[in-house]
Amino acid sequence: MALFLLVFPGGYRMSVRTRFAPSPTGFLHIGGARTALFCQLHTRRLGGTFILRIEDTDRERSTQAAVDAILEGMHWLGLDPDEGPFFQSDHTQLYLDAAQRLVDEGKAYRCYCSRESIDALRETQRQQQIKPRYDGRCRTRSAFPADQPYVIRFKTPTEGVTAWEDQIQETIRFPNDELDDLILVRSDGSPTYNLAVVVDDHSMGITLVIRGEDHISNTPRQIHLFQALGWPVPEYAHMPLLHGSDGSKLSKRHGAVSVLQYREDGFLPDALNNYLVRLGWSHGEQELFTRQEMQQLFDIRQVGRSAAIFNLDKLLWINGHHIRTATPEQLLPALSQQLDMLGFGVVEPERLLRIIPEFQSRAKTMVEMAEKVRFLFVDSVLPYDEKAAQKHLYPCAPQALITLQQALAQLEEWQAEVIDQCFRQVVAQLQMEMGKLAQPVRVALTGTASSPGIHDTLFLLGRDKSLQRLQEAIGHMQK
RNA sequence: GUCCCCAUCGUCUAGUGGCCUAGGACGCCGGCCUCUCACGCCGGCAACACGGGUUCGACUCCCGUUGGGGACGCCA
């Protein structure tokens, strides 16, 4: 694998190559997305290469559906890799060759211990309150019965300390005698995670491994493998984990964690990324970032070391901000989709483009926007929201609405400005307060007590529906 | 249990020995704006886990305690 050299002002420097390596045993969740985001951001700033590698060495649990979900989730978030996706299942021979080489060099050995005997061993160790681990009893075995299954284990160094300078966690050290002889190849002949990771990280020229800190305890084992294989050890950056509201590692029982669920729920990819990037990383007191700003500013070495708890309220606020600052055109597809799901079919884009600006500051999600915009598409808003009708509609004199309706009916053009003028004239003529007329009208038009400015609401609803709903309300009041 | 990691408002964080009477943001409360709801603006509540050191001086450095998390698979 070629390593690329880039010239930097300060001299020669190896181009950074990073990878995101999910296992396809489920959807892409929000914690994984954050890891991928940090990885991509850091790599982009340095002009390096971001690689996607699917770790499917567990054939039992890996599924195509999970692969698809991961790819779709990453694409939605703009986390497309520069290289890949690569699949570990395509590299099996490479892993097996490496394992064989270690056996040949006396750095790994066949172990014939049964699962049962090892389970028993671990159980007694647990009872003695020491760390459960394989005791290496097959290290010195000389008989290799041909008809019995075996695994290949790595001869972990028994003395010394393995340490590395983590880019986030600083120095981490493990006494080697804490580690046992890990399995490289299973009894069915398939390679395991730790072997595959090391072989791939080397063959793909990975220079920096960015991953969750739940992998910290794997790192000394992987470093041993790099060393045994005579390969350079990459740098590491272990990210603090994302926790659920109960303070534990985020998992399915914490509810909506699939990235695609956030799309369903009306979140914008830029907003989700913005929220995620602020979990463990900051740039002074800045809260809001565009994608470009993140790419220019993000540095993995500035990531904090403590875990963060996922907080929906802040995500909602950030999503609201991104909805407000987006162009109507950018929001069009998401709103169309939401309306379609509400059963309104396909709405003309031109109409939606007029509607969107009036609702951008009023919705924290696209789902919420679809709900607020709903009254524009239904045939009738009856029954009215009971509280709204009681408070605003029923106390109003029907004559006021009749006067307004007649005035509006005479308008030659149905434009927001003209409507506003007309409305104010009626208010003046009736010697009413603006709100005393706007609120009942609002209930008549929307069925609720809140909407955009009353003239905008009338305009967006259109002449026919507006007049019809006023008529409907007048009838309702006179009952 | 063993090993590894972490510890500032409820949450995300700023803070790298004096600038801290600890700053910002979300949320919450109050107000302003206003035809409603939002947006926006102004104000308020709210934190350095604890105990020892080191130092003229600790949120900041060291040690311990407590608390939390992670790992301990023929999963990744």
Side-chain angles (χ1 to χ4, degrees), chain A residues 21-25 55-58 60-62 88 111 113 115 118-119 122 125-134 149-153 166 169-170 172-175 178-180 182-188 190 192-194 196-197 211-220 238 240-241 243 245 247-249 275 278-288 304-318 320-321 324 358-364 372 388 392 423-424 427 432-443 446 448-455 457:
Chain A
S23 70
T25 52
E55 311 231 312
D56 55 353
T57 48
D58 184 348
E60 298 285 301
R61 290 195 285 182
S62 299
Q88 290 195 317
C111 167
C113 294
R115 290 172 205 249
I118 288 171
D119 287 347
R122 274 197 270 261
Q125 286 167 328
R126 249 184 263 274
Q127 277 167 11
Q128 290 165 32
Q129 305 208 316
I130 57 175
K131 184 187 274 190
R133 44 195 289 250
Y134 180 65
Y150 62 87
V151 299
I152 294 179
R153 283 186 189 270
D166 199 277
Q169 312 279 348
E170 300 181 359
I172 300 181
R173 41 184 110 241
F174 277 86
E178 281 296 325
L179 276 21
D180 63 359
L182 70 157
I183 293 176
L184 264 20
V185 180
R186 302 185 184 99
S187 54
D188 67 357
S190 65
T192 60
Y193 163 77
N194 279 297
V197 165
R211 70 211 326 186
E213 71 177 6
D214 50 343
H215 283 285
I216 283 182
S217 57
N218 286 320
T219 307
H238 286 95
L241 264 19
H243 287 179
S245 47
S248 70
K249 185 174 161 182
Y275 175 68
R278 284 284 293 103
L279 258 29
W281 178 81
S282 63
H283 181 255
E285 291 182 344
Q286 186 173 351
E287 297 286 348
L288 275 1
R305 281 170 308 216
S306 51
I309 292 174
F310 185 84
N311 180 248
L312 187 62
D313 282 330
K314 186 149 184 187
L315 206 211
L316 281 165
W317 174 73
I318 289 182
H321 168 82
R324 265 170 260 138
E358 294 305 327
F359 290 87
Q360 280 177 274
S361 68
R362 283 173 242 262
K364 284 184 163 32
K372 295 217 154 142
H392 303 294
F423 201 102
R424 285 177 196 282
V427 167
M432 296 177 78
E433 284 170 46
M434 186 70 186
K436 284 282 188 283
L437 185 57
Q439 277 308 81
V441 170
R442 193 165 343 251
V443 175
T446 72
T448 72
S450 73
S451 80
I454 198 66
H455 55 282
T457 302

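In what follows, every chain begins at residue 1, and chains take the letters A, B, ... in the order their sequences are listed.
- Proximity of A:R122 to the phosphate of B:G73: a side-chain N or O atom is located under 4.0 Å from OP1 or OP2.
- The residue among A:S306 and A:R61 whose nearest nucleotide of RNA chain B is located toward the 5' end is A:S306.
- Distance A:L288 CG to B:G24 C1': 13 Å, rounded to the nearest Å.
- Side-chain atoms of A:S190 and A:D188 form a donor-acceptor pair, as typed in the model, at a separation below 3.5 Å.
- OP1 or OP2 of B:A14 lies within a sub-4.0 Å distance of a side-chain N or O belonging to A:S282.
- Across all strands, A:L241 comes closer than 4.0 Å only to sugar-phosphate atoms, never to a base (heavy-atom distances).
- Within the shown strands, nothing qualifies as a pairing partner of B:C39 under the Watson-Crick or G-U definition with both distances less than 3.5 Å.
- Within 3.5 Å, no donor on the side chain of A:N218 pairs with an acceptor on the base of B:A71, nor the reverse.
- Between the side chains of A:R442 and A:Q439, at least one donor-acceptor pair of N or O atoms lies under 3.5 Å.
- For B:C56, the paired nucleotide is B:G18, the pair qualifying as Watson-Crick or G-U wobble because both relevant distances are below 3.5 Å.
- A gap of 13 Å separates the C1' atoms of B:A14 and B:A47, to the nearest Å.
- OP1 or OP2 of B:A71 sits under 4.0 Å from a side-chain N or O of A:K249.
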### Task
Go along nucleotides 34-42 of chain B 5' to 3' and tag each nucleotide: B for a protein heavy atom under 4.0 Å from its base, S when only backbone or sugar atoms are that close, - otherwise.
-BBBBSS--

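- In terms of heavy atoms, A:C113 sits closest to A:Y134 at SG-OH, 3.4 Å.
- Nucleotides B:A7 and B:C48, compared at atom C1', are 10 Å apart to the nearest Å.
- Here the shortest heavy-atom pairing between A:K314 and A:N311 reads N-OD1, 3.2 Å.
- The residue among A:T192 and A:P175 whose nearest nucleotide of RNA chain B lies closer to the 5′ end is A:P175.
- The same atom, C1', is picked in B:C59 and in B:A76; the two are 39 Å apart, to the nearest Å.
- An OP1 or OP2 oxygen of B:C6 is reached within less than 4.0 angstrom by a side-chain nitrogen or oxygen of A:R305.
- The residues A:R305 and A:E213 are annotated as not salt-bridged, no charged nitrogen and carboxylate oxygen being separated by less than 4.0 angstrom.
- We find that CD1 of A:I172 is positioned 16 Å from P of B:G70, with the value rounded to whole Å.
- The two residues A:V427 and A:M434 have their closest heavy-atom pair at CG1-N, 4.0 Å.
- The residue A:C113 sits close to a base: some heavy atom pair falls under 4.0 Å.
- Counting non-hydrogen atoms under 4.0 angstrom, A:H243 reaches the backbone sugars and phosphates but no base.
- Rounded to an integer number of Å, the gap from OH of A:Y134 to C1' of B:C72 is 17 Å.
- The minimum heavy-atom distance linking A:F174 with A:S217 is given by the pair CZ-CA, 4.1 Å.
- Using atom C1' as the reference point in both B:U54 and B:C62, the two lie 7 Å apart (nearest Å).
- More than 12 heavy atoms of other residues, nucleotides or ligands lie within 6.0 Å of CD in A:Q286, so this atom counts as buried by the packing criterion.
- Rounded to a whole Å, the CG atom of A:D166 is 13 Å from the C1' atom of B:C6.
- A:S245 comes within contact range of no nucleotide atom at all, as no heavy-atom separation falls under 4.0 Å.
- Taking atom C1' on both nucleotides, B:C26 is separated from B:G69 by 24 Å, rounded to a whole Å.
- Around atom NE2 of A:H283, no more than 12 heavy atoms belonging to other residues, nucleotides or ligands sit under 6.0 Å away.
- Pairing for B:C50 goes to B:G64, judged as Watson-Crick or G-U wobble with the two contacts each under 3.5 Å.
- Taking atom C1' on both B:A58 and B:G53, the two are 12 Å apart, rounded to the nearest angstrom.
- Within the nucleic acid shown, A:F423 has no heavy atom closer than 4.0 Å to any nucleic acid atom.
- Using atom P as the reference point in both B:C63 and B:G68, the two lie 22 Å apart (nearest Å).
- The pairing partner recorded for B:A76 is none, the criterion being a Watson-Crick or G-U wobble arrangement whose two distances lie under 3.5 angstrom.
- Taking only side-chain atoms of A:K131, from C-beta outward, the nucleotide of B:C3, B:C74, B:G23 with the closest atom is B:C3.
- No engagement by A:R126 is indicated, since no non-hydrogen atom pair under 4.0 Å with the nucleic acid exists.
- Atom pair A:D119:CG and B:C74:P shows a separation of 8 Å (rounding to whole Å applied).
- Going from atom CD1 of A:I309 over to atom C1' of B:G67 covers 13 Å, rounded to whole Å.
- Separating the P atom of B:G10 from that of B:A46 is a span of 11 Å, rounded to the nearest Å.
- Ranking B:U2, B:C12, B:C4 by closeness to the A:K314 side chain, first place goes to B:C12.
- Following rounding to the nearest Å, A:L179 (CG) and B:U2 (C1') show an atom-to-atom distance of 13 Å.
- The side chain of A:D214 has B:A71 as its nearest neighbour among B:A71, B:C12, B:G24.
- For the residue pair A:T457/A:S451, the side-chain donor-acceptor check at 3.5 Å is satisfied.
- B:C26 atom C1' lies 11 Å from atom CG of A:L315, rounded to whole Å.
- A donor-acceptor contact under 3.5 angstrom links the side-chain atoms of A:E287 to the base of B:G24.
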